[in-house]
Amino acid sequence: MTITVAVAGASGYAGGEMLRLLAGHPEVEIGALTAHSTAGSLLGLHQPHLRSLADRVLLPTTVEHLVGHDVVVLALPHGASGEIAAQLPDDVLVLDLGADHRLASAADWTAFYGSEHAGTWPYGLPELLITEQTGAGVEYTKQREVLAGARRIAVPGCNVTAVTLGLQPGVAAGLLSPVDVVAVLANGYSGAGKSLKTHLLASEALGSAQPYAVGGSHRHIPEIAQNLRSAGADEVTISFTPTLVPMARGILATATARLAPGHEDLSVADLRQAYEQAYVGEPFVELLPEGQWPTTAMTLGANTALVQVAIDRAAGRVVTVTAIDNLVKGTAGGAVQSMNIALGLPQTLGLTTEGVAP
């Protein structure tokens, strides 16, 4: 089975990471590579690490160059995917790495992005819990069941993936209160994209940590709330603060939530059991052994999310720490995993759980 894949936005970080993974996928043939301002130049000028594709010429990002492929990847700025996607055939699998199709609420989209909502696609986080109240109590399925056979997939935000995977087992089990959640993240600079901005220059960034989108303005907030509602939360309030730190890749997300009423004496063993049950058999999400804490170095280059939990008794809160590579599990790796599921392939095909160290 050979799958032809076109990548729009191939000169950016997300597009480049998508190509790195696709180049090693045993069932993929890489087709058209497109860009906007860099169209007409060689890919190797923008992605010099992709030696097998370095001599490929970037085409303009038009529908004409994207049609005729089995899969189209849209690694485009927010607000740019909707118009192109609407012109692609229904039988083509389209993976949107941007935010255009992630949110179910048009009001949330308008409030945080300030433009017209392009619509909602199946959400590309296979491990997302979907809870359901039954006569026997709360049961859950996972988003991968929705992705099987899908032809439109909205890939999650990288911060969203980290926070969701850290909190959702506790929320689904009724152990954590989704009200008054606090998340503070350390983020690598690749998450800010390639645009030339003063605060992203090495002279400004090296040796410094910079918060951004402080005070409830980050666009990933409604997406996190949407995912926690999927996991069973009725109402979600979250204080979310990302911080750029001097590393190219990675997210270390520390998310805390109050113990739910009636669970003030919850044991660490029972808390861990909820996480182990939620992630048993998952190839890419792992609860670490007690006492071992995630680091971004442990996930570098891998499609893994490593999670650890603790209980802060004095504060009455559960502390979760999750590490991912923002470009792999946070973006391109999650997209390839979702692509595999949609096409009926093993979800691990072309992906690795092995990080790069030192």
Side-chain angles (χ1 to χ4, degrees), residues 3-34 47 50 66 69-78 80-81 84-85 88 92-102 120-128 142-144 146-162 164-165 190-191 193 220 223 227 249 251 282-285 299 301-305 324-353:
I3 304 158
T4 58
V5 183
V7 177
S11 60
Y13 286 136
E17 189 68 3
M18 197 75 195
L19 289 172
R20 182 180 76 87
L21 297 178
L22 292 174
H25 194 294
E27 304 292 343
V28 164
E29 176 183 320
I30 297 175
L33 307 182
T34 79
Q47 310 287 6
L50 300 178
L66 299 175
H69 297 82
D70 301 312
V71 179
V72 173
V73 178
L74 301 177
L76 302 175
H78 303 325
S81 299
I84 292 176
L88 294 172
V92 174
L93 173 56
V94 184
L95 305 169
D96 186 2
L97 305 192
D100 290 27
H101 301 95
R102 294 171 185 165
T120 305
W121 289 359
Y123 192 71
L125 183 58
E127 302 89 357
L128 179 68
K142 291 187 178 176
Q143 183 68 8
R144 64 169 43 86
V146 177
L147 296 176
R151 285 300 175 266
R152 296 290 189 271
I153 295 177
V155 179
C158 53
N159 296 309
V160 180
T161 295
T164 298
L165 294 176
S190 58
H220 286 174
E223 193 180 340
N227 289 354
R249 293 171 175 253
I251 293 174
E282 291 292 349
F284 298 120
V285 183
T299 64
N303 193 52
T304 49
I324 64 170
D325 185 320
N326 61 298
L327 291 178
V328 190
K329 184 57 176 167
T331 308
V336 171
Q337 184 184 353
S338 297
M339 178 191 78
N340 287 338
I341 293 169
L343 296 176
L345 300 171
Q347 66 173 326
T348 56
L349 205 60
L351 296 170
T352 180
T353 58

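Computed over heavy atoms, backbone and side chain alike; hydrogens, waters and symmetry mates excluded. From a predicted model like this one, the values you see are computed outputs, not experimental measurements. Residues take their numbers from the sequence shown, with the count starting at 1.
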Would you say the side-chain atoms of D96 pair up with the backbone N or O of A154, donor to acceptor, closer than 3.5 Å?
no
Where T34 and A8 come nearest, the two heavy atoms and their spacing
OG1-CA, 3.1 Å
Using side-chain contact (heavy atoms from CB on, under 4.5 Å), reason through V73 and V5 one step at a time and then give a plain yes or no.
CA-CA 7 Å; V73 178; V5 183; 3.9 Å; yes
When rounded to the nearest 0.5 angstrom, what is the spacing between CG in L76 and NE2 in H78?
11.0 Å
Tell me, with the steps shown, if W121 and V94 meet side-chain contact (heavy atoms from CB on, under 4.5 Å).
CA-CA 10 Å; W121 289 359; V94 184; 3.7 Å; yes
Using side-chain heavy atoms (C-beta onward) and a distance below 4.5 Å, is I251 in contact with K329?
no
Kindly say whether L349 contributes a backbone atom to a donor-acceptor pair with the side chain of N340 at under 3.5 angstrom?
yes
How far does CG of L74 sit from NE2 of H101, to the nearest 0.5 angstrom?
8.5 Å
Please report the closest heavy-atom contact between A150 and L93, naming both atoms and the distance.
O-CD1, 3.5 Å
Could you tell me if the side chain of H69 sits less than 4.5 Å from the side chain of L88, heavy atoms only?
no
Shortest non-hydrogen contact between L147 and I341, atoms and distance
CB-CG2, 3.9 Å
Atom pair CD (E127) and OG1 (T161), whose distance is rounded to the nearest 0.5 Å:
8.5 Å
Got I3 and L345 here, is their nearest side-chain heavy-atom distance under 4.5 Å?
yes
Evaluation steps, side-chain contact (heavy atoms from CB on, under 4.5 Å), between S190 and N326:
CA-CA 8 Å; S190 58; N326 61 298; 3.0 Å; yes
I'd like to know whether F284 forms a side-chain contact (heavy atoms from CB on, under 4.5 Å) with T348, so could you lay out the CA-CA distance, the side-chain angles of the two residues, the decisive distance to 0.1 Å, and finally the verdict.
CA-CA 8 Å; F284 298 120; T348 56; 3.7 Å; yes
Has the side chain of T4 got a donor or acceptor atom that lies under 3.5 Å from a matching backbone atom of E29?
no
Closest heavy-atom pair, Y123 versus P156, reported as atoms and distance to 0.1 Å, is OH-CB, 3.2 Å
Give the minimum heavy-atom separation between T352 and G301, together with the two atoms involved.
CG2-O, 3.9 Å
Do V146 and L128 come close enough that some side-chain heavy atom pair is under 4.5 Å?
no
How many angstroms lie between CZ in R249 and OG1 in T299, if you round to the nearest 0.5 Å?
9.5 Å
Would you call T331 and E17 a side-chain contact if the rule is heavy atoms closer than 4.5 Å?
no
Is the closest side-chain heavy-atom distance between R144 and Q337 below 4.5 Å?
yes
Roughly how far, to the nearest 0.5 Å, is CZ of R102 from OG of S81?
9.0 Å
Nearest heavy-atom approach of L21 to A332 is CD1-C, 3.7 Å
Quick check against the 3.5 Å criterion: does H25 have a side-chain atom that pairs as donor or acceptor with the backbone of E27?
yes
Rounded at 0.5 Å granularity, tell me how far CG in N227 sits from CG in L165.
9.0 Å
